[in-house]
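Here's the structure we're looking at; comments come further down.
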Amino acid sequence: MADAQYILPNDIGVSSLDCREAFRLLSPTERLYAHHLSRAAWYGGLAVLLQTSPEAPYIYALLSRLFRAQDPDQLRQHALAEGLTEEEYQAFLVYAAGIYSNMGNYKSFGDTKFVPNLPKEKLERVILGSKAAQQNPAEVRSLWQTCGELMFSLEPRLRHLGLGKEGITTYFSGDCTMEDAKLAQDFLDSQNLSAYNTRLFKDVDQDGKPRYEVRLASVLGTESALHSEMTSRLKSYEFRGNHFQVTRGDYAPILQKVVEHLEKAKAYAANSRQEQMLAQYIESFTQGSIEAHKRGSRFWIQDKGPIVESYIGFIESYRDPFGSRGEFEGFVAMVNKAMSAKFECLVASAEQLLKELPWPPAFEKDKFLSPDFTSLDVLTFSGSGIPAGINIPNYDDLRQTEGFKNVSLGNVLAVAYATQREKLTFLEEDDKDLYIRWKGPSFDVQVGLHELLGHGSGKLFVQDEKGAFNFDQETVINPETGEQIQSWYRSGETWDSKFSTIASSYEECRAESVGLYLCLNPQVLEIFGFEGADAEDVIYVNWLNMVRAGLLALEFYTPEVSSWRQAHMQARFVILRVLLEAGEGLVTVTPTTGTDGRPDARVHLDRNKIRSVGKPALERFLRRLQVLKSTGDVAGGRALYEGYAEVTDAPPECFLTLRDTVLLRKESRKLIVQPNTRLEGSEVQLLEYEASAAGLIQSFSERFPEDGPELEEILTQLATADARFWKCPSEAPSGQA
């Protein structure tokens with residue numbers, strides 16, 4: 001059997017999203033709007049399979065064929081007859097549910113591969129003897145032959161997502177290196193093209209020189225006669241002696257279905273802003289234009305307080321090894337009015353609270369653009385995973401000048417982060433009951449501060465294409481050096497493009513630190529209804545949760561290549577290091593032996609020193625983070641952040657040894673079962689499923705009732721068309737750009 005870190009355990013937690021009441025309160029028109037947006041999101045989410053690994057689309061197609069022909073109960077009878085034990089069949093169901101939940105065979109949280117926890121020969125017997133194989137023997141056998149070996153393979157390079165020798169990725173062809181990624185980013189910056197909706201493919205010409213294809217995601221292909229703002233970009237370029245070709249049409253048949261349902265949703269939009277928003281999204285996905293998506297995002301920002309909230313596109317760059325390309329996601333949700341009222345009060349206090357952050361006013365945005373901040377009950381969230389909160393759009397130019405929106409996903413928080421006492425690791429016994437009592441409320445506070453005042457704060461110093469600066473070069477002083485500003489962002493440069501591989505984690509760390517820092521403010525806690533002893537408990541558990549999370553983060557560090565696989569967890573480890581460095585017994589991490597005789601550990605936070613020791617340490621760290629970000633000081637930012645993110649076995653903590661303890665005691669992230677919507681006549685029905693691996697599988701089996709086989713054919717055709725780029729995925733590229 002495989003190492004435990006590469007399997008999903010049979011007893012993995014599975015929860016169902018509850019949005020029944022919020023959906024019931026929608027009007028018939030609002031339900032139709034939500035339905036078509038959900039369909040667009042689910043179709044688009046299939047692109048994530050093509051963004052994850054070469055084999056993921058084939059695995060998805062194979063599983064979908066199996067469970068369309070036989071539901072989990074029917075297939076169980078066949079599996080047991082083929083000699084599987086109940087435990088082995090459950091392991092297969094958990095694996096299949098994991099594929100659907102992560103939209104691929106790599107965990108969305110940690111980017112680690114997971115494999116079936118049963119013998120390959122037994123799974124082969126189940127698949128080749130299934131009803132699906134009886135109906136289409138050649139097709140099922142072909143799918144198994146294409147993906148069976150890779151499904152189980154744990155060759156070193158295939159264990160994690162990454163670039164070059166560090167892992168596998170389909171954002172880049174298999175022979176690309178980090179040097180290729182840097183060169184491509186410089187090329188994109190020179191042409192003022194965004195990487196968000198691109199992939200990079202590298203070939204070698206007859207003379208042995210590399211040729212690069214930058215492929216944009218779009219319905220239309222490069223040869224389309226329809227003229228648009230993108231047409232003139234689709235051509236060959238010479239850049240630093242290298243040949244680049246900009247093309248489009250990536251994921252075309254999938255995006256065609258996205259566009260069809262966005263068009264249908266327009267008919268049920270609540271106002272002209274939503275109509276214009278959808279029109280621009282349609283333009284973006286049709287033409288491959290990020291500028292059109294930005295225009296749609298402007299209308300989205302302006303659409304304040306909608307009953308049905310949504311966002312869709314190539315959004316988060318966490319899983320691109322270089323940190324610039326966006327994974328497709330789409331969400332549809334309904335407003336939770338009670339919690340949203342608290343967030344509105346937080347927004348009303350935001351300008352005052354921003355003044356308390358530990359950097360000079362010149363490093364804050366010239367004007368706080370008051371955003372929408374709502375608590376939502378999710379109906380649909382497509383992509384590789386569901387977050388607890390979101391601050392979007394991610395476009396720097398829009399965030400600096402037009403604003404953003406914050407959402408807290410209330411029904412996700414209610415199920416994904418619930419904790420059982422017996423499964424609580426690394427806490428002292430005296431802390432456990434307090435932790436369980438206040439973790440949920442403290443997390444509401446942290447998410448609110450993290451999204452609104454963490455991601456929503458701070459200014460980037462920019463020189464535009466005309467040479468004008470958005471700050472006074474004469475009077476603005478760097479508080480860390482006492483000198484005038486020496487660096488900034490040039491036209492075309494963004495936070496992601498400059499800070500690349502550390503950008504996501506660095507920004508998550510800044511936002512988490514803002515949450516910890518501002519939760520000490522009594523005004524904030526009063527907004528959420530906490531005063532006196534309760535307020536102190538919320539603060540303590542919020543800080544304690546961050547300290548514990550920093551220890552748990554070690555699961556997502558890979559010592560073999562000295563790299564982190566998850567931005568949020570790396571950020572929390574960095575904060576743990578900052579608080580440990582503060583000294584005076586504020587935080588300690590002590591190795592122990594558990595009651596089972598195996599290695600264990602305990603984290604301790606001295607609640608009496610949070611304000612006197614913790615706050616000043618966090619203040620110094622936060623100021624440095626912001627100053628380096630504002631000035632675009634990549635060298636300084638890397639030195640600071642990578643210094644704290646380094647994992648060694650140096651005493652007293654001995655983090656590499658503690659990592660073994662964390663892996664020994666780790667609990668797998670829960671799987672989330674989402675409902676479907678179905679149009680019956682002119683009415684939209686909500687279909688819910690049980691909280692189990694079988695229920696999650698059933699939800700996907702019923703997700704595409706009209707065109708499931710067609711979608712599987714599309715996915716395998718798209719994967720096969722590019723398969724040559726990953727012919728030997730286990731071999732790391734050795735060539736340089």
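Treat the numbers as computed from the prediction; the structure is a model and nothing was measured.
- Residues that satisfy the side chain to side chain donor-acceptor pair (under 3.5 Å) test with Glu619, not counting sequence neighbours, are Tyr517.
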message = Run Arg623 and Glu480 through salt bridge (Lys or Arg N to Asp or Glu O under 4.0 Å) and show every step you take.
response = CA-CA 8 Å; Arg623 182 167 54 246; Glu480 294 296 304; 3.4 Å; yes

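- Counting heavy atoms from C-beta on, the side chains of Trp543 and Leu520 come closer than 4.5 Å.
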request  = Let me see the working for His568 and Tyr318 under side chain to side chain contact (heavy atoms under 4.5 Å, CB included), right down to the final yes or no.
outcome  = CA-CA 9 Å; His568 295 80; Tyr318 301 128; 3.5 Å; yes

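- The salt bridge (Lys or Arg N to Asp or Glu O under 4.0 Å) pairs that include a residue from residues 386-403 are Lys294-Asp397, Arg298-Glu402, where partners are two or more places apart or lie in different chains.
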request  = Apply the test salt bridge (Lys or Arg N to Asp or Glu O under 4.0 Å) to residues Asp633 and Arg624: give CA-CA distance (whole Å), side-chain angles for both, the deciding distance (0.1 Å), then the verdict.
outcome  = CA-CA 11 Å; Asp633 183 351; Arg624 292 178 71 191; over 6 Å; no

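- Considering only heavy atoms from C-beta on, Leu579 comes within 4.5 Å of Ile575 through its side chain.
- Considering only heavy atoms from C-beta on, Ile390 stays 4.5 Å or farther from Ile315 through its side chain.
- Considering only residues two or more places apart in sequence or on other chains, Asp111 meets the salt bridge (charged side-chain N to carboxylate O under 4.0 Å, His left out) condition with Arg319.
- A salt bridge does not link Lys432 to Asp430: none of the charged nitrogens lies less than 4.0 Å from a carboxylate oxygen.
- A side-chain N or O of Arg548 and one of Thr425 form a donor-acceptor pair less than 3.5 Å apart.
- Tyr557 has its ring centre no less than 6.0 Å from the ring centre of Phe573.
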query = Given the rule in the side chain to side chain contact (heavy atoms under 4.5 Å, CB included) test, do Asn545 and Tyr435 qualify, once you have shown the distances and angles that lead to the verdict?
reply = CA-CA 8 Å; Asn545 188 49; Tyr435 184 88; 2.5 Å; yes

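- In this structure, the side chains of Val603 and Thr588 stay at 4.5 Å or more apart for every pair of heavy atoms.
- Taking 4.5 Å as the limit, some side-chain heavy atom of Leu409 sits within range of a side-chain heavy atom of Pro387.
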message = Run the side chain to side chain contact (heavy atoms under 4.5 Å, CB included) test on Leu353 and Gln523 for me, step by step, so that the C-alpha distance in whole Å, both residues' side-chain angles and the decisive distance to 0.1 Å come before the verdict.
response = CA-CA 9 Å; Leu353 292 171; Gln523 179 187 354; 4.1 Å; yes

request  = I would like to know whether Arg638 and Thr501 meet side chain to side chain donor-acceptor pair (under 3.5 Å); could you show each step before the answer?
outcome  = CA-CA 10 Å; Arg638 282 193 176 277; Thr501 54; 2.7 Å; yes

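- Salt bridge status for Arg611 with Glu536: present, with a side-chain N to carboxylate O gap under 4.0 Å.
- Considering only residues two or more places apart in sequence or on other chains, Tyr395 meets the side chain to side chain donor-acceptor pair (under 3.5 Å) condition with His293.
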request  = Begin with the C-alpha distance, continue with both residues' side-chain angles, and end with the deciding distance and a verdict on side chain to side chain donor-acceptor pair (under 3.5 Å) for Glu327 and Ser384.
outcome  = CA-CA 8 Å; Glu327 184 176 83; Ser384 65; 2.7 Å; yes

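- Ion pairing between Arg325 and Asp320 holds under the 4.0 Å rule for side-chain N and carboxylate O.
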Listed pairs under 3.5 Å, donor-acceptor, residues 354-363 side chains, sequence neighbours left out:
| from | atom 1 | to | atom 2 | distance (Å) |
| --- | --- | --- | --- | --- |
| Glu356 | OE1 | Asn521 | ND2 | 3.0 |
| Glu356 | OE2 | Asn521 | ND2 | 3.0 |
| Trp359 | NE1 | Glu364 | OE1 | 3.1 |

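- When only modelled atom types and interatomic distance are considered, Gln185 and Ser500 share no side-chain donor-acceptor pair under 3.5 Å.
- Take Asp606 and apply the side chain to side chain donor-acceptor pair (under 3.5 Å) test, not counting sequence neighbours, and it matches no residue.
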Quick one: side chains of residues 447-464, donor-acceptor pairs under 3.5 Å with protein atoms, not counting sequence neighbours, listed by atom name and distance.
| from | atom 1 | to | atom 2 | distance (Å) |
| --- | --- | --- | --- | --- |
| His450 | ND1 | Glu512 | OE1 | 3.1 |
| His450 | NE2 | His455 | NE2 | 3.0 |
| His450 | NE2 | Glu508 | OE1 | 3.1 |
| Glu451 | OE1 | Asn391 | N | 3.0 |
| His455 | ND1 | Glu507 | OE2 | 2.8 |
| His455 | NE2 | Glu508 | OE2 | 3.4 |
| Ser457 | OG | Leu453 | O | 2.7 |
| Ser457 | OG | Gly454 | O | 3.0 |
| Ser457 | OG | Arg510 | NH1 | 3.1 |
| Lys459 | NZ | Asp366 | OD1 | 2.7 |
| Lys459 | NZ | Asp366 | OD2 | 3.4 |
| Lys459 | NZ | Asn470 | O | 2.6 |
| Gln463 | OE1 | Trp488 | NE1 | 3.2 |
| Gln463 | NE2 | Gly467 | O | 3.4 |
| Asp464 | OD1 | Lys466 | N | 2.9 |
| Asp464 | OD1 | Gly467 | N | 3.0 |
| Asp464 | OD1 | Ala468 | N | 2.9 |

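- Using a 4.5 Å heavy-atom cutoff, the side chains of Trp438 and Tyr540 are not in contact.
- Listed by chain and number, the residues in a side-chain contact (heavy atoms from CB on, under 4.5 Å) with Thr657 are Asp649, Cys654 (sequence neighbours excluded).
- A salt bridge is absent between Lys337 and Asp377: the closest approach of a Lys/Arg side-chain nitrogen to an acidic carboxylate oxygen does not fall below 4.0 angstrom.
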task = Show the numbers, then the answer: is there a side chain to side chain contact (heavy atoms under 4.5 Å, CB included) between Met339 and Thr374?
result = CA-CA 8 Å; Met339 182 57 78; Thr374 48; over 6 Å; no

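- Using cut-offs of 30° and 60° for the angle between ring planes, the Tyr506 and Phe499 rings count as tilted.
- Relative ring orientation between Tyr311 and Trp300 is described as tilted, the plane-to-plane angle lying within the 30° to 60° band.
- With sequence neighbours left out, Asp372 forms a side chain to side chain donor-acceptor pair (under 3.5 Å) with no residue at all.
- In this structure, the salt bridge (charged side-chain N to carboxylate O under 4.0 Å, His left out) partners of Glu309, at least two apart in sequence or on a different chain, are Lys405.
- Annotation: side-chain contact (heavy atoms from CB on, under 4.5 Å) contacts of Ala181 (sequence neighbours excluded): Leu163, Phe172, Met178, Phe322.
- Here the side chains of Gln484 and Ile477 are in contact, with some heavy-atom distance below 4.5 Å.
- Listed by first then second residue, pairs satisfying salt bridge (Lys or Arg N to Asp or Glu O under 4.0 Å) with a partner in residues 483-506 read Glu493-Lys498, not counting sequence neighbours.
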